[in-house]
Structure formats: structure tokens, C-alpha cells
Amino acid sequence: MKTFRQQLLIEFLLFILFCPLSRGTFQETSSLTLRATSHMVLLDVLAKDRRGRPVTDLKAEDLVLLEDGKPQLISAFNSVVRHNQPAFEPPSLPEHVYTNRPEYHMPNGPLTIILIDILNTSAQDQAYARGRLLKYVAAGLKPGEPVAVYVLGRSLTLLQDFTTDPELLRIAIEAVNPKTSLELEMADVEKRIPRIHESGGTSPITRARIMTVVNTLREFYTEQAQAELEVRVSGTLVAFRMIGRAVAGHPGRKNLIWVSGAFPLTITKSTVQYRADLSDPNRVQPMSEISSSYSVEGSFRQTVALLGEAQDSVYPVDARGLVGSLVSDTSDNLTDETGQFLTGADYGAAITNANSKLLEDQRTMGVLAEQTGGFVFKNRNDIDDAVPAILADSAFYYEIGYYPQNHNWNGSFRKIEVRLRRPDTEASYRHGYYALDPMRLPKGKSLSEMDLAGYVSADAPVATMVVFDVRVLPPNPAPSAHVPVDFLVDMRSVTSEQDQQGVRKYQLDFHVAAYGTEGKLVGQQNMELVAPVKPERYAALLQSGLPFHTDLSLPPGHYRLRVAVRDDHTGFLGSLDLPLSLEKPTH
């Protein structure tokens, strides 16, 4: 469908402002809010005494905050008790009005997400982790501890939204049937190499011919493995960002429990060069091997930044449990490509290689946990105990906000250190952040130009980083109806550029897509809004919201609409699903 672009001046916005759309329903939250234009760094700090009990009476003066070794002034300090909070019932919405505000979709209390990662985990380890998680659920959940369950395969799937019902969680976890990850299986190049036996034994000539075939296969399989590793890494980081967008609008710290075998942050590529053996034209000999590596730090950095924005603390749980032998299993007969047993240096090299892969995967877990404020559960057999330990860990914490003295937002990693002035106490927190300024990044593409599948597809979790209401009034029956869609965006959830006269320029993308009963995309509309807001009108729009109108032409039928708003300055996204039924004309 053709994409429209529309630039509205503030006078036209004010005209739309008086349409009968629900007004004044946005609510203030008591928690700290980190906005990209403020450059405030928000930190969740867990303080414990020497017995592991939470310290609940700290004051701001009890903390020393350092960034890259330099003292920082604490601008905001708040203690948060995440259990036994009073229930909050949001007001009812008017007819045909929907919202993605978290209080309408998420329970009160600390949010915990369990991400079962089958993309990066072997089938055997999936079965082990699944059994341990079921054991945890069978022990029962404490009141006020809502848990959601996602599974990551080729795509991210929500199995169970936030609930405190153990039976619903059990059903969701049991639905994760262990299966072989093709991407992970292809990564083990050596196990894919066939053990070749030829008549003539293992004479030097025979062995050389076998190794020629093996080396060719190894190079081919290695290229496949590298491609699939890129798929795994990219897919996992996209899943983290989707979950971050989904819960970002909910105030406070969130726990993201990642049950996985993980992946490396550095991808190594090897190219083998061969030369012909002049004594045998059917044989070539390896001449040299060129190795190169590249890091996925760029995408990883964006993911960590978004998780920090969403106050998501990642707790990686190694699905392998207590790691035993790193070389052999029932599928490995400890032989080389010619069928001979590995001995001496070859066996040692195999152990070193296996150790290296394990340590690289666990290093990824450690880096992700450290930079988001969680910690790693690895080399242990009590995955079922990890979840309640994580929940207890975040029952009480402190929210701290500060404005860095270093104003150079160059994307570099800045180290954070929190020291407690009280003896026999220790603090846990995220140990740094990437100094990214979204307002200075290259402008993102509009929704019409970028890949919508990764952001607002029918299967993507609803996002809450941009908050809005939307009204969809079903029109009168017609062969092709024009469905009006009216947005009202909470301006506190979006950013703007401001000129010397105080005029704020907002740049937003709006997306509406209609999916039929079988999940097929029937129609969509993508539009861009560039809205300059003068200082004298800013306060009014801040209270009422920023309006926007579009429409979508659809034939009669039953649909599911996916509507979304994206802030072009930051890339932050809000989305929502809603039902729509269009009746056929009676004549």
C-alpha cells in the first residue's frame, strides 16, 4: 500500500485537539523516569549486609558514586519495596478507546520474565532446564510475584503473560518441548566432519587424500557455522530488545532470567589457502590459514542501552548446569577424521577448544549481567533455586539518578562504582553504561522504509516505550469502509529537538496494520508526523497528549489491528493490538 507523509503545524494539531477523543487519562508515576534528552543515568542498587539480608535504611549520604573514578552528585534517591504493594485499578476506558499504558496490561508488583532459549541451547540441556523450572513452579509462587514466560527459537514467542498462577506457568513451561537447534548443531563443525575409511589403510598417501576431502568439507561447514552463529546472535539480541520494549513503560526494576547456553561476542572466520600437489594432480595441500574475527559489540551495545533504559536486569542461567566433560559424549568416539583415536597433542587441543568455547559463552553471560545489574548462575545443578533467589534479590532496592559530569556523549563505555560508607555492607548494581545520545545518532528510517517485521509484526510483543491512547470507531457498513484511527500520544514518553526560540520539534512515525482471521496482512498505513510545538502550547499538550489522525480502508470482516508509534529521534517504540469487526451492508 502506498505510504503517505504528512507534516502538520501546531495550529492544525490544536484543531484536532478538540475532537471527542478521550482526554486527561494519562497518569503520573511515582517512580523515576529516564528520558533520553535529560541525560540522567538511572541506577538500581541492591544493598546487603554480611549475612545477605537487605539493608533498608540507607540515605543518599551513605553512598559514594563514581563514574570513571570521578565523584558524581546524586540528584535523585528513592527506596523501593517491590512486594505487598497496594493494588491499583486503572479507570475504565471509554468505548472504542484502547491504550498501551502498562497499568492496563501488567500487574502491580515486581515483574519477572523467564526466557527459555532453545536457539542457543542443546536439546539435552533444554530438557534438563525444563525439568528444573517445572520443579521451581511446583514449589509454588509467593503472592505478588508475577512471572511471564517467553521462548526463543527462530523467533520470540510469548507462552504466558504475567501471572501468579503456578498452574498457568506449569502449562507454559511444559509446552516447551526440547528439540535440536539446527543453528547450534551446525556450529559444531568437528562433529559434522565424517570419519572416512578407505581400503589401503592409513598410509601417507591415503591419509593425505582423506585430509584433502576433510579440509574442503571443514571450510564449507565453517562458513555455514559462521552464518548460523550470526543468526543466533542477532536473533537473541533482537529478542532482548523486544522484551525490553514490552516492559519499559512499567516503572521500576524488572528481572529477565535468561536460561540458555549463550553465544560468543566475537565471531572468528578462517580461510584456508591450498596449493596443488604436483606429484598428484587430484590432491591439494593446505598452504596457509588466514583467521579474522569481528565483534558484535555494536548490536550488543544498543541492546544493553535499551535494557538499561527499560530497567531490565538480566540474570543469565547456564542451562548446562554443572559442566562435566567438555570433550566426549555418546555421539563422540574420540577419533580423528581418518578413524584413529585422538592422543597426545590432538586430544589436548580438543580439550582446549571445548574449554575456550565454554568460557567465551559464559563470558557473554557475565558481561550482560554486569552491565545490566544482574548476576550469573553457572556451573551448578540448582536452576530451580536460581529463580526464587533472583526474586528475593530484588525485593528491596534503591533507585539512584545522577547527571554525569562528562558531557561528551561519544558512545564509549563508562564505568560506574558505588561505595557504601557503612561497614560490612556491599552493593550490587550495573557497573557501567554506554554514553549514547539518541538525539545525536543518525536519524532512523521511517516505518515505511524500515523492516516492519522486526518492530511491529503481528507476533512481536506489545511495546510500551512510547505511551499512547487510540480510538478506533467502526464506520457504517460499506463494501469498503474507511476506518478512522485517532492517536493521543503521551508527550512525556517521546523526545524533541528544541531551537533557540524554545520551539520543540517532534518527529513520529505512525503505523496501522490489519490482520485477518488467519493472521494474513490485509492492509496497512504508515505515516510520518513532524510537529513543531511552540512554548505557549507545550504545557497544554503535555497534559492532554499529542493527537494524530489517520484512516485505513478495509472490506467487511473480523480483524486484529496492530497500531504503533515510533519516536524518530530515539527509535523508541510503542505498540498495541486491538480487535475490529466491520459488518457487511444489508443491501
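Predicted model only: the values in this text are computed from it and were never measured. The chain is numbered in sequence order, starting from 1.
- Ionic pairing of Arg50 and Asp424 is present here: one or more N-O contacts between side-chain nitrogen and carboxylate oxygen are shorter than 4.0 angstrom.
- In this structure Ala369 satisfies the side-chain contact (heavy atoms from CB on, under 4.5 Å) test together with Pro316, Val376, sequence neighbours excluded.
- Relative ring orientation between Phe375 and Tyr315 is described as perpendicular, the plane-to-plane angle rising above 60° on a 0-90° scale split at 30° and 60°.
- Arg504 forms a cation-pi arrangement with Tyr538, by the criterion of a distance under 6.0 Å to the ring centre and an angle within 45° of the ring axis.
- With sequence neighbours excluded, no residue forms a salt bridge (Lys or Arg N to Asp or Glu O under 4.0 Å) with Glu370.
- Electrostatic pairing of Arg51 and Asp49 does not count as a salt bridge here, judged by no charged N lying under 4.0 Å from a carboxylate O.
- Rounding to the nearest 0.5 angstrom, the gap separating the CD1 atom in Ile390 from the CD1 atom in Ile114 is 8.5 Å.
- Between Thr464 and Pro102, the closest heavy-atom pair is CB-CG, 4.2 Å.
- Classified by interplanar angle (parallel below 30°, tilted 30° to 60°, perpendicular above 60°), the ring pair Tyr402/Tyr433 is perpendicular.
- Panel note: side chain Asp68, backbone Lys415; a donor-acceptor pair is recorded below 3.5 Å.
- Applying the side-chain contact (heavy atoms from CB on, under 4.5 Å) criterion to Glu95, with sequence neighbours excluded, gives no partner residue.
- Using modelled atom types, one side-chain atom of Lys254 and one backbone atom of Ala310 make a donor-acceptor pair closer than 3.5 Å.
- Counting only heavy atoms from C-beta outward, the side chains of Asp44 and Arg430 never approach each other to under 4.5 Å.
- How far CG of Leu63 is from CG of Leu65: 8.0 Å, rounded to the nearest 0.5 Å.
- With respect to the salt-bridge test (charged N to carboxylate O, under 4.0 angstrom), the residues Arg101 and Asp469 qualify.
- Checking side-chain atoms of Thr164 against main-chain N and O of Glu145 turns up no donor-acceptor pair under 3.5 Å.
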